[in-house]
Structures are given as structure tokens and as C-alpha cells.
Amino acid sequence: MMQHILVIDNSREILDLFRDILEAEGYEVSLTESVPTSVRDLDPPHPDLVILDCQFGKQQEARQFVQSMENCRATASIPLILCSTDLQAVDNLEDYVERQHIPVVYKPFDIDELARTVHQTITPRFTSCGP
């Protein structure tokens with residue numbers, strides 16, 4: 001079964017780049033240009049990983065979405081990667097990101113670094129269920 005990644009970014013060009021990279025890595029990819037207002041907007045089956053653009057002025061919106069994912073039993077175990085060009089936005093969330101062990105990939109990113117971070121973040125969810 002193909003692992004499913006949801007990418008949330010406000011740029012169509014960046015979303016298309018993510019799709020090209022992640023599909024080449026063997027993932028199923030869904031794209032959206034806006035942060036969902038609720039985890040209920042994540043139609044089942046839920047993604048196996050969420051990559052979320054974090055930008056200044058919208059970090060509260062991103063934090064609320066992440067917290068709603070954590071507070072819902074069906075989405076609490078979905079791993080997350082933040083991806084941003086905005087160092088200040090990520091710095092404003094630094095304590096939260098560190099407490100939650102959320103990886104951050106800064107744009108412009110190296111394709112190999114992105115692929116490695118995705119693989120390291122999504123893999124534990126699938127390997128920890130075995131005997």
C-alpha cells in the first residue's frame with residue numbers, strides 16, 4: 001500500500017514541486033493551498049504524513065491546525081514536517097516544534113534532504129507496529 005502525504009503550501013508552484021519530488025519517491029500525494037480549519041476537513045483515509053508550510057502571520061493558524069490534529073484520536077499519530085522560507089515564523093514556534101519533535105525543512109531545500117526527512121519521519125509509523 002502506497003503511503004499518503006498531504007502537502008499544505010500557499011504556492012501552487014511549490015505544491016507542484018512537492019508532488020513531483022514525492023511521487024518520484026513512491027508516495028501518493030495530496031495538495032492544498034490553505035491550512036484546513038479543522039481535522040474534520042481531512043477526509044478519511046487520513047494521510048500518513050503532513051508537510052505544512054509555516055509563514056509569518058499564519059503561524060497561529062498552523063499551530064491551531066497541528067493542535068487540532070493532536071487532540072483528535074484519529075489524527076493524533078500523524079507525523080508532521082514544517083517547511084518554510086520564514087525563519088522568524090519558525091522561530092516563533094521553536095519551543096512548540098522542539099517539544100513535539102517536529103522536523104523543519106527550510107526553503108529552498110535540497111531534494112535529497114527533503115526525501116531523507118520525509119522517509120525518517122514517515123517510516124517509524126509503519127515499522128513500529130510489527131512484533
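In what follows, residues are counted from 1 in the order of the sequence shown.
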J.: Side chains of K107 and D53, heavy atoms from C-beta outward: is any pair under 4.5 Å?
T.: yes
J.: What is the minimum heavy-atom distance between E70 and A76, and which atoms define it?
T.: O-CB, 3.5 Å
J.: About how many Å separate CG of L80 and CE of M69, when rounded to the nearest 0.5 Å?
T.: 6.0 Å
J.: Which atoms form the tightest heavy-atom contact between G26 and M2, and what is the distance?
T.: O-CG, 3.2 Å
J.: Strictly under 6.0 Å, is that where the ring centroids of F109 and F18 end up?
T.: yes
J.: Find the distance between CG (L52) and OG1 (T32) and round it off to the nearest 0.5 Å.
T.: 10.5 Å
J.: Can you find a heavy atom in the side chain of I14 that is under 4.5 Å from one in the side chain of V7?
T.: no
J.: Measuring from atom CG of L49 to atom OH of Y27, what distance do you get when rounded to the nearest 0.5 angstrom?
T.: 8.0 Å
J.: Verify side-chain contact (heavy atoms from CB on, under 4.5 Å) between E33 and L15, making sure each step is shown before the conclusion.
T.: CA-CA 8 Å; E33 292 183 42; L15 288 171; 3.4 Å; yes
J.: Within this structure, what is the CG-CD1 distance for the pair L82 and I102, rounded to the nearest 0.5 Å?
T.: 5.5 Å
J.: Is there side-chain contact between I8 and F65, with heavy atoms separated by less than 4.5 Å?
T.: yes
J.: When you check the gap from the basic side-chain N to the acidic O, do R12 and D16 get nearer than 4.0 Å?
T.: yes
J.: What's the spacing between D9 CG and S34 OG if we round to 0.5 Å?
T.: 11.0 Å
J.: Nearest 0.5 Å, what's the CD1-CG distance between I122 and L22?
T.: 9.0 Å
J.: As a quick check of understanding, evaluate side-chain contact (heavy atoms from CB on, under 4.5 Å) for V29 and I21, giving each step before the final call.
T.: CA-CA 10 Å; V29 181; I21 293 167; over 6 Å; no
J.: Would you sort out whether V50 and T75 count as a side-chain contact (heavy atoms from CB on, under 4.5 Å), showing the intermediate values?
T.: CA-CA 10 Å; V50 174; T75 59; over 6 Å; no
